[in-house]
There are 2 protein chains.
Amino acid sequence: MEQYKYKVGEISKIAGMNTETLRYYEMIKLMPKPKRKESHYRYYDEIDLRRLLFIRRAKELGFTLNEIKELLNLRIESSATCGDVKHLAEHKLKDIEKRIDDLMNIKKVLSKLINQCVCEEISTEECPILEVIDSQN
Amino acid sequence: MEQYKYKVGEISKIAGMNTETLRYYEMIKLMPKPKRKESHYRYYDEIDLRRLLFIRRAKELGFTLNEIKELLNLRIESSATCGDVKHLAEHKLKDIEKRIDDLMNIKKVLSKLINQCVCEEISTEECPILEVIDSQN
DNA sequence: CTTGACTTCGTAGTATACTACTGATATTAT
DNA sequence: ATAATATCAGTAGTATACTACGAAGTCAAG
């Protein structure tokens, strides 16, 4: 079939990780077991690639591999479990909104620092970034 | 003096970490060496507390301890180094803006999922969160 | 002035997330 | 057909960030 076009080395290169990492993700069930042509080499498709790119970025954003697994498993499988999924998704949403908020605060302080930095002297003593914490209260 | 009011156990409790973590941060120079009354127990003040709270949250936001160290050291020490500080701060700012952007995308998809989740059936096959990657291009 | 909780330092152990290595087998290019 | 390159499974090792432990010293209440 045409869609299984990447070998492990190829897809891991595109996704910016190495082959061992991909095997590791398979081992911990963060990635599904890929197709094997004649039961040998692993072959991957576009959906696998999207998933890997998502994992990489989510990791950079501070989610653990377990949290990423949860995010990726969020979907409505039947009306029976729909409430649970909604609940979990709402929980994740709150968490993400708080993250955005805190990053905005850090951004504000950094911007201020950059603007002050037209090379007037400011205090050596105080660390400006600590204002972030104050602005939260 | 009045301002050195926290012992290690007290401040670590308020900051939501344990005493060993604080000693660890001191060891890797993420926290400064605290005052010692009669050269024994460590004593901390409000600035130390703000710093610890910042560290904790920055960690949750996906910054490594080294990155946090860099953020905390951002300040204008003299007009000589001002350019460097500005450069580094601008770099960090870009990084943070990208993080906010990506989190907004995740937020959008999660909100959509929650809204769909008024218990109509949607596809079992597709993982909605993968749309995040698509919406980035 | 004792008793019990807290702190000291150093070192060893743990969890997460890889990363490297080995020797065998498979695929691909010439 | 054969040489170069890729992949295989399994296991051991590494980096980061803690976390636990032990034995001795310190402090504060009754």
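Below, read A as the first sequence line, B as the second, and so on, with proteins coming before strands; counting in each chain starts at 1.
Closest to the side chain of Arg42(B), from the set dT28(C), dA17(D), dT8(C), is dT8(C). Of the candidate nucleotides dC18(C), dG25(D), dC18(D), dG25(D) has the atom nearest to the side chain of His40(B).
The line from CD1 of Ile96(B) to NZ of Lys107(A) is 9.5 Å long, rounded to the nearest 0.5 Å.
With a 6.0 Å cutoff to the six-membered ring centre and a 45° limit on the axis angle, Lys37(A) counts as a cation-pi contact of Tyr43(A).
Atom CE of Met27(A) and atom C1' of dA15(C) are 14 Å apart (whole Å). Note: CG (Asn66(A)) to C1' (dC18(C)) measures 15 Å, nearest angstrom. We find that CD1 of Ile68(A) is positioned 13 Å from C1' of dC18(C), with the value rounded to whole Å. Spacing between atom NZ of Lys33(A) and atom P of dT7(D) amounts to 19 Å, rounded to whole angstrom units. Residue Leu30(A) contributes atom CG, which lies 9 Å from atom P of dA17(C) at whole-angstrom precision. Lys5(A) places its NZ atom 21 Å from the P atom of dT27(C), with the value rounded to the nearest Å. Counting to the nearest Å, the C1' atom of dT7(D) and the NZ atom of Lys37(A) are 14 Å from each other.
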field: Working for side chain to side chain contact (heavy atoms under 4.5 Å, CB included), residues Ile106(A) and Phe54(B)
entry: CA-CA 10 Å; Ile106(A) 295 180; Phe54(B) 177 79; 4.2 Å; yes
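Within residues 7-26 of chain A, the residues having any heavy atom under 4.0 Å from DNA chain D are, by residue number, Lys7(A), Val8(A), Gly9(A), Arg23(A).
In terms of phosphate contacts, Lys59(A) brings a side-chain nitrogen or oxygen within less than 4.0 Å of OP1 or OP2 of dC18(C). Taking side-chain N and O atoms only, Arg36(B) has a distance below 4.0 Å to OP1 or OP2 of dC9(C).
The pair Glu60(B)-Arg57(B) counts as a salt bridge, with a side-chain nitrogen and a carboxylate oxygen less than 4.0 angstrom apart.
When Asp95(A), Asp102(A), Asp101(A) are each tested for a salt bridge (charged side-chain N to carboxylate O under 4.0 Å, His left out) with Lys98(A), only one passes: Asp102(A).
The base of dC6(C) is paired with the side chain of Tyr41(B) by a donor and an acceptor separated by under 3.5 Å.
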